[in-house]
Enquirer: 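Before anything else, here's the structure in question.
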Amino acid sequence: SRIFTGVQFLNFGFTRMRYNLKFMDTIHPDIGIVNDLSQTGSNDVAYVYRYQYLAFPFMFASKLKVKKLKSSTLHFMTGGSLCVLLNHDIKTKLIGFSAKGEKQFKLKDKENEAGLFNANIQFGLRLENPIINKNTFIFVQPELYLPILKANYSDEKAQLYHFGLQIGMMYLLEKDKA
C-alpha cells in the first residue's frame, strides 16, 4: 500500500450549442446580436465553458494481485483532491457567420458565478512497468473524478464529472529501493 500526494493542474469544461440563430438574435450580451442577413446556411454558436483549477490530491493505493502480470504491477487508487479555481471563461465559436469581424471570442463569464473552491472524490487504476532497472518505472493511471461541489452557482448549475489519464515515470529513491 502507498499514499500519494502532489499538485495537479485540472482543465475541465463542457460545450453548449445554439443552432440556427436568426437575424437580430442575441449571441451573447458581451458580443451582441446577429447582424448577418445572408442565408447561406445555419448560423450556429458553440459556447465552450472552461474551468481551470489547481488541485491538491491525496490518494491511497493498494496493490492488486494479478497472476498474469509478470513484471508489471496493478494498483487500485482511491482518494480525493481539494481544488482552487485559477480561471473560468467562455470560448465562443461562431459557425457559419461572424460578428464584429471575428469568428471566436474569449469572454469572462461573470453571470455563471463560478465557485472559487471545489473538491473531488477520485477512483482509478495504476499500471506500473519497470524499465531500465527495477527502480525506474513507467505508469499509466486512468482515473474517474466525481466532484462534491457544483462548479458554479447560477441558475444553470454545472457538475464537472470527468475522466482523466496520467502517464509518467517514477524513480525510487535510495532509501526505498529493494
Side-chain angles (χ1 to χ4, degrees), residues 4-59 76-127 138-169:
F4 291 89
T5 188
V7 177
Q8 291 178 318
F9 174 75
L10 303 175
N11 188 18
F12 306 144
F14 58 93
T15 301
R16 287 203 171 120
M17 295 291 298
R18 284 185 61 199
Y19 297 100
N20 207 15
L21 274 76
K22 304 293 184 208
F23 181 67
M24 300 299 287
D25 282 350
T26 301
I27 303 165
H28 187 276
D30 293 344
I31 298 173
I33 60 172
V34 177
N35 284 324
D36 189 358
L37 286 172
S38 66
Q39 298 178 357
T40 58
S42 179
N43 293 336
D44 305 328
V45 181
Y47 302 95
V48 181
Y49 292 78
R50 303 185 307 173
Y51 296 83
Q52 297 164 338
Y53 292 98
L54 184 64
F56 303 95
F58 185 81
M59 302 289 289
F76 175 73
M77 309 277 293
T78 185
S81 60
L82 298 175
C83 308
V84 177
L85 184 69
L86 297 175
N87 183 45
H88 168 61
D89 60 23
I90 303 174
K91 190 173 182 182
T92 306
K93 298 177 186 177
L94 308 181
I95 304 164
F97 71 107
S98 64
K100 301 179 186 175
E102 301 287 329
K103 292 189 85 53
Q104 290 191 15
F105 296 88
K106 187 175 175 184
L107 309 170
K108 292 291 178 192
D109 189 20
K110 300 171 203 125
E111 301 85 33
N112 224 351
E113 301 175 35
L116 296 177
F117 301 98
N118 207 333
N120 296 307
I121 297 172
Q122 296 172 227
F123 299 98
L125 296 172
R126 181 181 179 106
L127 179 65
I138 58 171
F139 66 88
V140 175
Q141 183 174 321
E143 290 182 314
L144 178 64
Y145 294 78
L146 305 172
I148 296 172
L149 304 173
K150 305 280 188 223
N152 61 346
Y153 297 101
S154 64
D155 291 339
E156 293 183 26
K157 302 212 179 341
Q159 192 81 5
L160 300 175
Y161 299 100
H162 48 282
F163 177 76
L165 180 66
Q166 296 183 38
I167 300 171
M169 190 168 84

Enquirer: Of all residues at least two apart in sequence or in a different chain, which pass the side-chain contact (heavy atoms from CB on, under 4.5 Å) check with Ile167?
Expert: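 Scan of Ile167 (side-chain contact (heavy atoms from CB on, under 4.5 Å), adjacent residues dropped) gives Leu165.
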Enquirer: Before you tell me yes or no, could you show the steps for Leu125 and Phe76 under side chain to side chain contact (heavy atoms under 4.5 Å, CB included), namely the whole-Å CA-CA distance, both residues' side-chain angles and the distance that decides it to 0.1 Å?
Expert: CA-CA 5 Å; Leu125 296 172; Phe76 175 73; 4.1 Å; yes
Enquirer: Among all residues two or more places apart in sequence or in another chain, which pass the ring pair (Phe, Tyr, Trp, His ring centres under 6.0 Å) test with Tyr47?
Expert: none
Enquirer: Would you say that more than 12 heavy atoms from the other residues, nucleotides or ligands in this model lie under 6.0 Å from the CE of Met169, or not?
Expert: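 Atom CE in Met169 is not packed in, count stays at 12 or less.
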Enquirer: In a table with atom names and distances, give each donor-acceptor pair under 3.5 Å that connects a side chain of residues 94-105 to protein atoms at least two apart or in another chain.
Expert:
unit_1 : atom_1 : unit_2 : atom_2 : d
Lys100 : NZ     : Ile31  : O      : 3.1
Lys103 : NZ     : Phe97  : O      : 2.7

Enquirer: Taking side chain to side chain donor-acceptor pair (under 3.5 Å) as the test, write out the residues that go with Ser42, two or more places apart.
Expert: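 Expected list: Asp44.
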Enquirer: Could you work out, with ring pair (Phe, Tyr, Trp, His ring centres under 6.0 Å) as the rule, every residue matching His28, not counting sequence neighbours?
Expert: none
Enquirer: Quick check for you: to the nearest 0.5 Å, what is the distance between Leu82 atom CG and Phe56 atom CZ?
Expert: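 Result: 8.5 Å between the selected atoms.
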Enquirer: Mind listing the closest non-hydrogen atom pair of Leu21 and Thr26 along with its distance?
Expert: CD2-O, 4.3 Å
Enquirer: Of all heavy-atom pairs between Met59 and Gly80, which one has the smallest distance, and what is that distance?
Expert: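 Nearest pair, atom of Met59 first, then Gly80: SD-N, 4.0 Å.
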Enquirer: CZ of Arg16 to CD1 of Ile90: how many Å apart, nearest 0.5 Å?
Expert: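 Taking CZ in Arg16 and CD1 in Ile90, the distance rounds to 9.0 Å.
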Enquirer: Take Leu85 and Asn118 through the test side chain to side chain contact (heavy atoms under 4.5 Å, CB included) and record every step on the way to the result.
Expert: CA-CA 8 Å; Leu85 184 69; Asn118 207 333; over 6 Å; no
Enquirer: Check whether any side-chain N or O of Thr78 sits under 3.5 Å from a backbone N or O of Gly124 as a donor-acceptor pair, and report yes or no.
Expert: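 Judged by distance alone, no pair lies under 3.5 Å.
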Enquirer: For Lys157, which residues count as a side chain to side chain donor-acceptor pair (under 3.5 Å) partner, sequence neighbours excluded?
Expert: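 Lys157 satisfies side chain to side chain donor-acceptor pair (under 3.5 Å) with no residue once adjacent residues are dropped.
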Enquirer: With sequence neighbours left out, what residues match Asp89 under side-chain contact (heavy atoms from CB on, under 4.5 Å)?
Expert: Arg50, Asn87, Lys106
Enquirer: Quick one: CG on Asn35 to CG on Asp25, what's the gap to the nearest 0.5 Å?
Expert: 11.0 Å
Enquirer: Side-chain donor-acceptor contacts of residues 146-155 below 3.5 Å, not counting sequence neighbours, with atom names and distances?
Expert:
unit_1 : atom_1 : unit_2 : atom_2 : d
Lys150 : NZ     : Gln159 : OE1    : 3.1
Asn152 : OD1    : Ala158 : N      : 2.7
Asn152 : ND2    : Asn112 : OD1    : 2.4
Asn152 : ND2    : Ser154 : OG     : 3.4
Asn152 : ND2    : Glu156 : O      : 3.0
Ser154 : OG     : Asn112 : OD1    : 2.8
Ser154 : OG     : Glu156 : O      : 3.3

Enquirer: From Gln52 CD over to Leu86 CG, what is the distance, rounded to the nearest 0.5 angstrom?
Expert: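 That separation rounds to 7.5 Å.
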Enquirer: Who are the side chain to side chain donor-acceptor pair (under 3.5 Å) partners of Asn120, not counting sequence neighbours?
Expert: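 Listed in chain order: Ser81.
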Enquirer: ring-ring contact (aromatic ring centres under 6.0 Å, His included): which pairs involve residues 5-25, sequence neighbours left out?
Expert: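 Non-adjacent pairs meeting ring-ring contact (aromatic ring centres under 6.0 Å, His included): Phe12-Tyr53, Phe12-His162, Phe14-Tyr49.
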Enquirer: Could you measure the distance from the CD atom of Gln122 to the CZ atom of Phe4? Nearest 0.5 Å is fine.
Expert: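 Here the interatomic distance stands at 12.5 Å.
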Enquirer: How would you list, by chain and number, every residue that makes a side chain to side chain donor-acceptor pair (under 3.5 Å) with Gln166, sequence neighbours excluded?
Expert: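 So Gln166 forms a side chain to side chain donor-acceptor pair (under 3.5 Å) with Glu143.
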Enquirer: Closest approach of Gly6 and Pro57, non-hydrogen atoms and distance?
Expert: O-CD, 3.2 Å
